[in-house]
Amino acid sequence: MMKFQACTLGLLLAASSNVNAFSPSQMQTRNAMATTQRTQPLFVAMEPPASAQFLVDEFNNNDDGNEKDWTPDSWTKCKVAQGPKYESPEELDQAISTLQGNSPLVFAGEVRSLHEQLARACTGQGFLLMGGDCAEAFKEFNVDHVRDSFRVILQMALVLTFGSAMPVIKVGRMAGQFAKPRSEPDEVRGDVTLPSYRGDIINTEEFTEDARRHNPNNMVRAYHQSAQTLNILRAFSTGGYADISRLHAWNLDFVENTPEGSRYRKFADKVDESLRFMKAIGVDTSAPAFTKTDFYVAHECLLLPYEQALTRKDSTTDRWYDCSGHMLWVGERTRQLDGAHLEFVRGIGNPLGVKISDKCTPEELIEIIDTMNPQNIPGRLTIIVRMGAEKLRKNLPGLIRAVQREGKSVLWISDPVHGNTYKTESGIKTRSFEKIRDELRAFFDVHDEMGSHPGGVHMEMTGEDVTECTGGLSGVTEETLPDRYHTYCDPRLNGQQALELAFLIAERMRIRTGLPPL
């Protein structure tokens with residue numbers, strides 16, 4: 001959430017655009033959209049209803065929310081999906097002991113702050129932006145890589161804040177997003193079979209027996225890289241880099257001379273004009289609300305020995321928190337109702353997410369919600385939808401209807417990338433920008449039809465000039481994919497493609513909130 005007043009900025013700014021938004025499929029004319037805009041309410045930033053805030057406060061300040069039969073290691077009694085196979089119990093115990101003696105990576109107060117912002121988003125008064133690498137890698141880590149991902153998220157958040165006239169909650173897939181689930185336990189090359197690469201926190205990518213061994217010491221290395229990443233992010237978010245007056249400097253070098261870079265510069269000029277107006281009427285734009293920003297980190301809760309080792313009891317509330325990240329989500333492959341991952345997350349105080357595809361039935365979703373958020377606390381649970389456009393239009397209405405019927409409080413967000421992965425004829429894994437855009441359009445269309453809040457977006461993206469996803473104004477084609485294909489796992493949107501999507505989402509959100517087009 002940019003800490004300046006979202007409503008004030010939205011009313012002051014006026015930007016122009018030559019790029020069409022993914023407008024609602026049922027709205028055929030500009031006149032129809034104008035009529036809709038006049039009849040829809042303007043959603044502006046405000047406090048959540050008193051009842052919702054009371055529930056959040058009760059949850060954060062009372063240890064009754066933890067199940068009485070839960071402990072940080074109770075997951076070990078359940079079946080563990082996608083778990084590593086460590087050869088040496090002694091080596092594993094030593095790594096876990098080291099992690100247990102280390103400082104927490106995040107703190108309970110930060111986690112509670114994120115929870116409160118997500119509670120507002122649950123009531124329609126916020127939008128969650130989650131973005132970052134498919135999987136962090138030891139070899140790829142450097143300050144510039146972290147900075148570039150951070151600043152493209154800042155750009156996207158600024159555009160989305162203007163588009164929605166509401167706070168944007170910024171969460172990076174960083175400082176912990178190392179482990180990846182695999183469809184096959186082993187990889188075969190020729191006549192050699194080795195364990196699949198599961199992310200640097202478990203093993204490394206080189207196709208050798210030593211590299212593919214499940215090494216518990218990698219957890220310690222991942223912890224130290226995460227600590228460095230968080231130090232960098234905290235410095236950038238509070239040390240002046242996120243100052244709204246520096247918004248021109250956020251433009252990535254390789255995006256600068258592209259259509260999206262030009263569009264962002266024009267947009268930034270309008271923000272500058274608004275800031276000058278605020279100064280003229282006596283607003284102190286050097287205050288922390290303008291010079292700092294809240295930034296949180298999240299990752300998939302996959303490697304449970306690592307998560308348990310970093311779980312701590314908060315001394316002020318007596319609640320357990322997983323201090324490896326501010327927010328954790330459970331993936332599509334590990335969300336079994338009787339599985340170890342749901343057992344672990346149900347007892348921690350962090351905001352949680354769960355990914356669902358078209359395989360999830362309404363009845364199963366309600367059971368998942370009851371397991372992860374039995375007290376029905378606003379902001380506690382985010383549903384991350386990944387289906388592909390066609391399946392989403394068919395399946396999401398029934399899921400939303402079930403949640404509405406049962407009175408469940410959840411935040412709905414779209415993951416438009418995972419359901420749109422394919423391989424080219426030459427065998428390169430990629431994603432189509434146009435398919436990603438189509439799924440986002442479907443996500444907004446369904447929520448418009450159901451009267452629910454499209455609360456956010458979750459993207460695998462990077463600030464680097466990669467060629468891993470095809471399409472968009474960047475002009476990446478299947479033929480140019482090998483030019484800069486650097487991912488260690490799944491293909492990522494580059495900075496230009498991510499910013500283009502932010503503008504398209506902002507256009508659609510302005511239609512929804514009754515504001516004039518960009």
Separation between [atom1] of [X] and [atom2] of [Y], rounded to the nearest 0.5 Å:
X	Y	atom1	atom2	result
L493	I436	CG	CD1	4.5 Å
R112	L114	CZ	CG	12.5 Å
S226	N231	OG	CG	11.0 Å
L310	I96	CG	CD1	10.5 Å
F433	R437	CZ	CZ	6.5 Å
I384	S357	CD1	OG	13.0 Å

I'd like to know whether K170 forms a side-chain contact (heavy atoms from CB on, under 4.5 Å) with F150, so could you lay out the CA-CA distance, the side-chain angles of the two residues, the decisive distance to 0.1 Å, and finally the verdict. CA-CA 10 Å; K170 295 180 290 301; F150 176 72; over 6 Å; no
Which class fits the ring pair H326 and Y296: parallel under 30°, tilted 30 to 60°, perpendicular over 60°? perpendicular
Taking the six-membered ring for Trp, are H458 and W329 parallel (under 30°), tilted (30 to 60°) or perpendicular (over 60°)? perpendicular
State plainly whether the residues [X] and [Y] are in salt-bridge range, i.e. N to O under 4.0 Å.
X	Y	result
K355	E332	no
K139	D200	no
D445	R508	yes
R441	D438	yes
E460	K180	yes

Shortest non-hydrogen contact from [X] to [Y]?
X	Y	answer
T311	W320	CG2-CE3, 3.7 Å
R335	C360	NH2-CB, 3.5 Å
P491	E468	CB-O, 3.3 Å
S237	F295	CB-CB, 4.2 Å
L129	I153	CD2-O, 3.8 Å
G325	H299	N-CE1, 4.1 Å

Flag side-chain contact, heavy atom, 4.5 Å: [X] against [Y]:
X	Y	result
R151	F236	no
D148	V152	no
R380	L352	yes
V385	S414	no
H224	V220	yes
L303	F178	no
K408	I383	no
E406	I369	no

Going through the distances and angles, do V111 and R319 end up as a side-chain contact (heavy atoms from CB on, under 4.5 Å)? CA-CA 12 Å; V111 174; R319 292 191 66 84; over 6 Å; no
Donor-acceptor pair, [X] side chain versus [Y] backbone, under 3.5 Å?
X	Y	value
E136	A175	yes
T334	V330	no
Q177	A298	no
H453	G126	yes
Q125	R120	no
Q404	M450	yes
N350	Y321	no
R312	S103	no
D448	R512	no
E500	L473	yes

Charged tip of R510 within 45° of F162 ring normal and under 6.0 Å: yes
As a quick check of understanding, evaluate ring pair (Phe, Tyr, Trp, His ring centres under 6.0 Å) for H447 and F443, giving each step before the final call. CA-CA 6 Å; H447 281 286; F443 180 74; 4.5 Å; yes
Check against side-chain contact (heavy atoms from CB on, under 4.5 Å), I356 and R386: CA-CA 6 Å; I356 60 168; R386 42 156 297 184; over 6 Å; no
If the test is side chain to side chain contact (heavy atoms under 4.5 Å, CB included), which one of T382, I413, D415, V457 qualifies with M130? I413
Run the side-chain hydrogen bond (donor to acceptor under 3.5 Å, both in side chains) test on H145 and E464 for me, step by step, so that the C-alpha distance in whole Å, both residues' side-chain angles and the decisive distance to 0.1 Å come before the verdict. CA-CA 7 Å; H145 180 76; E464 296 184 349; 2.7 Å; yes
Working note: E439 + R431, criterion salt bridge (charged side-chain N to carboxylate O under 4.0 Å, His left out); need CA distance, chi angles, decisive distance, verdict. CA-CA 12 Å; E439 182 163 350; R431 289 162 173 158; over 6 Å; no
Could you go step by step and tell me if D322 and F344 meet the side-chain contact (heavy atoms from CB on, under 4.5 Å) rule? CA-CA 10 Å; D322 184 343; F344 174 77; 3.6 Å; yes
May I have the step-by-step check of ring pair (Phe, Tyr, Trp, His ring centres under 6.0 Å) for Y306 and Y223, ending in yes or no? CA-CA 9 Å; Y306 179 80; Y223 167 88; 7.4 Å; no
